Amino acid sequence: MGRLALVDCNNFFCSCERVFDPSLAGVPVVVLSNNDGCIISRSEEAKALGIPMGAPLHEQKEVIRKHGVRVFSSNYTLYGDMSARVMSILRDEVGTMEVYSIDEAFLGLGDGFGVEEARKLRAKVLRWTGIPVCIGIGETKMLAKLANRHAKKNRERTGGVFEIREGVEAEELMAGVGCEALWGVGRNLARRLAGLGVYTALDFRRAEPAQIRKSLGVVGERMLREMNGTKCLELEEMPPDRKGVMASRSFGGPVEALEELEEALANHVARASEKVRRFGLWATRVDVFLQTNHFRKGEPQYCPGAGIDLDEPVHGTAELLGIAGRLLKRIYRSGYRYKKVGVMLGGLVQAGAFQPALPFGGVREEPRLDIDRIVDGINRRLGDRKNPVITRGSMGVGKMRIKIGMKGDGNGEAVQARRWRMRSGMKSRAYTTNWNQLIQAG
DNA sequence: TCTGGGGTCCTAGGACCC
DNA sequence: TCTGGGGTCCTAGGACCC
């Protein structure tokens, strides 16, 4: 199993702006979100001023004025273009690669590729594009991410490149990293982990799998394995087909009138449908949603949504507009101060690929499942309960009955297991889990 | 007064079908 | 001690990512 590298552009949007304006070198720079509401990219100098990621612009006005911070609206055309240049350089360097986001890519590494090669690559990207990057190397995506973080945090010492290897050094590093810094662990999971006495990356890595499984679910167990060097998250060279396209905007101030919402929605439908057409796709579902301003604690909140499955694929603006308009009318209530309206075009399909819902008894093609492995996986999951064993299909187990269903989710194998407590008066309970990645690993 | 937009995956639970 | 089995589809929310 080969190692992976994570290449991550530093302060990407700010760096892009700098490439085209040398006067920005050495001064604090920030780039704003779509609506100019929040700060979403900060140069090192801006970070040093204490400007937090995602801060509302109006809260930082004073710092910006005082220190002459240069402020930019985002320019995604520019960033997309710069991203393509960086990615093409990376692609020339390695056999396999996954473009993970506009400013990040995972590389599959051959045996000959080490820290020295990464340094050279880094220098090349900087020389050819003007964009500084950091590179982390590890056995799994999570470890590469962690290595990258270390490289970035200690740029002088590491020269922007770090490889994490099994051993004391890795453990020392992990002991100094809080769980919340791990890829996939946000505020909430970090809090849950703290409740288990797991505070650092090292604690997490050494945690009991069953306990993590119970508390964080299949996602948590996957992360745990990744931290221990077992690949659960594969390199995805081909991006999977997009499942939906969303378009929404916040209003500058509260909006109450239906007509105003309709006007904004029309805009969003137009943008979303253009995008869908550009991908050569059709939508088979339309969702419309409304939101009041959740920052206004005193005001009544109302965040309804409504959607409809279409009988046939659609991607024309006019038609989608009609559908979205009807949905909006369905959820609109007067008397609320709305902050946002949006549309989601979902169930995207390619021309001719549409499979309408089948009448009962019809057969839809499902992905092939290895039932033995799945049953095995379920048994493992149930291992800590009483009377856990199922062999195949469905059967009663003491007071517990397990029903296994299979369902293709278009993403590989998924399994739904239903468990009933059969004592009268108790309701059935269903739990659904995605075994795919874990089975792959285990 | 202002406090983003666009995605993914997972889980829970319910309605409904024969 | 008793307990139906096998399905589909949908909504809604939580959590994370960049």
Side-chain angles (χ1 to χ4, degrees), chain A residues 8-9 12-13 31-41 53-61 73-74 76 79 83 100-104 145 180 182-192 216-220 222-223 233 239-240 242-254 268 271-272 275 285 287 289 293-296 303-309 339-340 342 344 346 357-362 364 393-396 398-409 411-412 414 416-418 420-437:
Chain A
D8 188 324
C9 302
F12 184 56
F13 297 169
V31 174
L32 305 178
S33 60
N34 253 329
N35 242 3
D36 283 355
C38 292
I39 292 164
I40 55 167
S41 181
M53 179 62 177
L57 178 61
H58 66 90
E59 284 177 13
Q60 303 296 323
K61 277 269 152 66
S73 292
S74 40
Y76 285 97
Y79 310 149
S83 172
Y100 177 69
S101 75
I102 194 164
D103 70 338
E104 280 174 73
K145 271 268 185 189
E180 72 286 347
L182 294 175
W183 188 45
V185 179
R187 237 205 334 234
N188 290 285
L189 295 189
R191 206 183 321 130
R192 236 178 279 172
L216 305 198
V218 54
V219 180
R222 213 139 66 200
M223 293 192 292
L233 306 168
R242 195 186 284 256
K243 299 194 168 162
V245 165
M246 183 159 60
S248 69
R249 285 286 180 280
S250 296
F251 297 112
H268 304 156
R271 268 186 296 125
K275 203 163 173 180
R285 183 177 170 84
D287 278 279
F289 59 89
N293 189 345
H294 60 273
F295 289 107
R296 311 277 283 254
C303 302
I308 184 171
D309 289 313
K339 175 67 180 166
K340 186 192 251 190
M344 168 83 149
L358 293 166
F360 185 81
R364 191 193 294 268
S394 142
M395 57 190 52
K399 288 202 171 169
M400 189 187 286
R401 257 167 209 241
I402 296 159
K403 173 161 131 175
I404 308 166
M406 280 153 276
K407 190 179 169 202
D409 66 353
N411 186 38
Q416 181 170 325
R418 289 193 170 174
W420 276 269
R421 297 277 294 266
M422 300 306 287
R423 278 204 324 250
S424 58
M426 297 218 49
K427 295 189 100 178
S428 75
R429 213 171 88 72
Y431 64 83
T432 313
T433 191
N434 189 328
W435 300 95
N436 192 22
Q437 316 270 8

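Predicted model only: the values in this text are computed from it and were never measured. The analysis underlying the following values was restricted to heavy atoms, covering all of them including side chains, and did not include hydrogens, waters or symmetry mates.
At the heavy-atom level, P304(A) lies nowhere under 4.0 Å from the strands shown. Residue D36(A) is out of contact with every strand shown, counting any heavy-atom pair closer than 4.0 Å. Using a 4.0 Å heavy-atom cutoff across all strands shown, G342(A) reaches no nucleic acid atom at all. Here A247(A) lies in heavy-atom contact (under 4.0 Å) with sugar-phosphate atoms only. As judged by a 4.0 angstrom heavy-atom cut-off over every strand, L189(A) is placed among residues touching the sugar-phosphate backbone only. Counting non-hydrogen atoms under 4.0 angstrom, G54(A) reaches nothing in the nucleic acid. Residue contacts shown for F251(A) are limited to sugar-phosphate atoms, with no base heavy atom under 4.0 Å away. Residue contacts shown for G305(A) are absent, as no nucleic acid heavy atom lies under 4.0 Å away.
Close to dC9(B), at under 4.0 Å from its OP1 or OP2, lies a side-chain N or O of K243(A). For the pair R296(A) and dT3(B), the criterion of a side-chain N or O lying under 4.0 Å from OP1 or OP2 is not met. Checking the phosphate oxygens (OP1, OP2) of dG14(C), no side-chain nitrogen or oxygen of R187(A) falls inside 4.0 Å. Residue K145(A) places at least one side-chain N or O under 4.0 Å from the OP1 or OP2 atom of dC18(C). OP1 and OP2 of dG4(B) both lie 4.0 Å or more from every side-chain N or O belonging to S248(A). Remark: S250(A) is in phosphate contact with dG5(B), judged by side-chain N or O atoms under 4.0 Å from OP1 or OP2. Within the structure, a side-chain polar atom (N or O) of R285(A) is placed less than 4.0 Å from OP1 or OP2 of dT11(C).
Across the interface with DNA chain B, nearest-nucleotide mapping of N293(A) and V245(A) shows N293(A) to be the residue nearer the 5′ end. Heavy-atom nearest nucleotides on DNA chain B were determined for M53(A) and for M246(A), and the one closer to the 5' end corresponds to M53(A).
The interatomic distance linking D309(A) (CG) with dC9(C) (P) rounds to 10 Å, in whole Å. Atom CD1 in I102(A) sits about 17 Å away from atom P in dG5(B), given to the nearest Å. With rounding to whole Å, L32(A) atom CG is found 14 Å from dG5(B) atom C1'. Atom CD1 in I308(A) sits roughly 17 Å away from atom P in dC9(C) (whole-Å rounding). Note: CZ (R249(A)) to C1' (dG4(B)) measures 8 Å, nearest angstrom. Atom-to-atom, NE2 of H294(A) to P of dC2(B) comes out at 13 Å; the value is rounded to the nearest Å. Distance N188(A) CG to dG13(C) P: 16 Å, rounded to the nearest Å. Rounded to whole angstrom, the span from the CG atom of N34(A) across to the P atom of dG6(B) amounts to 6 Å.
With hydrogens and angles ignored, the 3.5 Å screen pairs no side-chain donor or acceptor of S248(A) with any backbone N or O of G342(A). No donor-acceptor distance shorter than 3.5 angstrom exists from the side chain of S41(A) to the backbone of V31(A), with no hydrogens or angles considered.
Atoms CZ and CG, on R192(A) and N188(A) in that order, are 7.0 Å from each other to the nearest 0.5 Å. Atom CE of M344(A) and atom NZ of K243(A) lie 10.5 Å apart (nearest 0.5 Å). Here NZ of K145(A) is found 3.5 Å from CD of E104(A). Values are rounded to the nearest 0.5 Å.
Of all the heavy atoms in Y79(A) and S73(A), the pair that sits closest is OH-O, 4.0 Å.
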*With pairs defined as Watson-Crick or G-U wobble and both distances under 3.5 angstrom, please note down DNA chain B as a dot-bracket string, | for pairing with another strand.*
....||||||||||||||
*Given F289(A) and K340(A), is the side chain to side chain contact (heavy atoms under 4.5 Å, CB included) satisfied, shown in steps?*
CA-CA 8 Å; F289(A) 59 89; K340(A) 186 192 251 190; 4.3 Å; yes
*In sequence, state the C-alpha distance, the side-chain angles, and the governing distance for D8(A) and Y100(A), and then conclude on side chain to side chain contact (heavy atoms under 4.5 Å, CB included).*
CA-CA 10 Å; D8(A) 188 324; Y100(A) 177 69; over 6 Å; no
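Centre separation under 5.5 Å together with a plane angle under 30° does not hold for the ring of W183(A) and the six-membered base ring of dC17(C), so they are not marked as stacked.
The gap from the C1' atom of dC17(B) to that of dG4(C) amounts to 15 Å, rounded to the nearest Å.
Residues D103(A) and S101(A) bring a donor and an acceptor atom of their side chains to less than 3.5 Å of each other.
The side chain of D103(A) lies closest to dC18(C), out of dG6(B), dT3(B), dC18(C). Among dT3(B), dC9(B), dG4(B), the nucleotide with an atom closest to any side-chain atom of R222(A) is dC9(B). With dG6(B), dT3(B), dG4(B) as the candidates, the nucleotide lying closest to the side chain of K339(A) is dT3(B).
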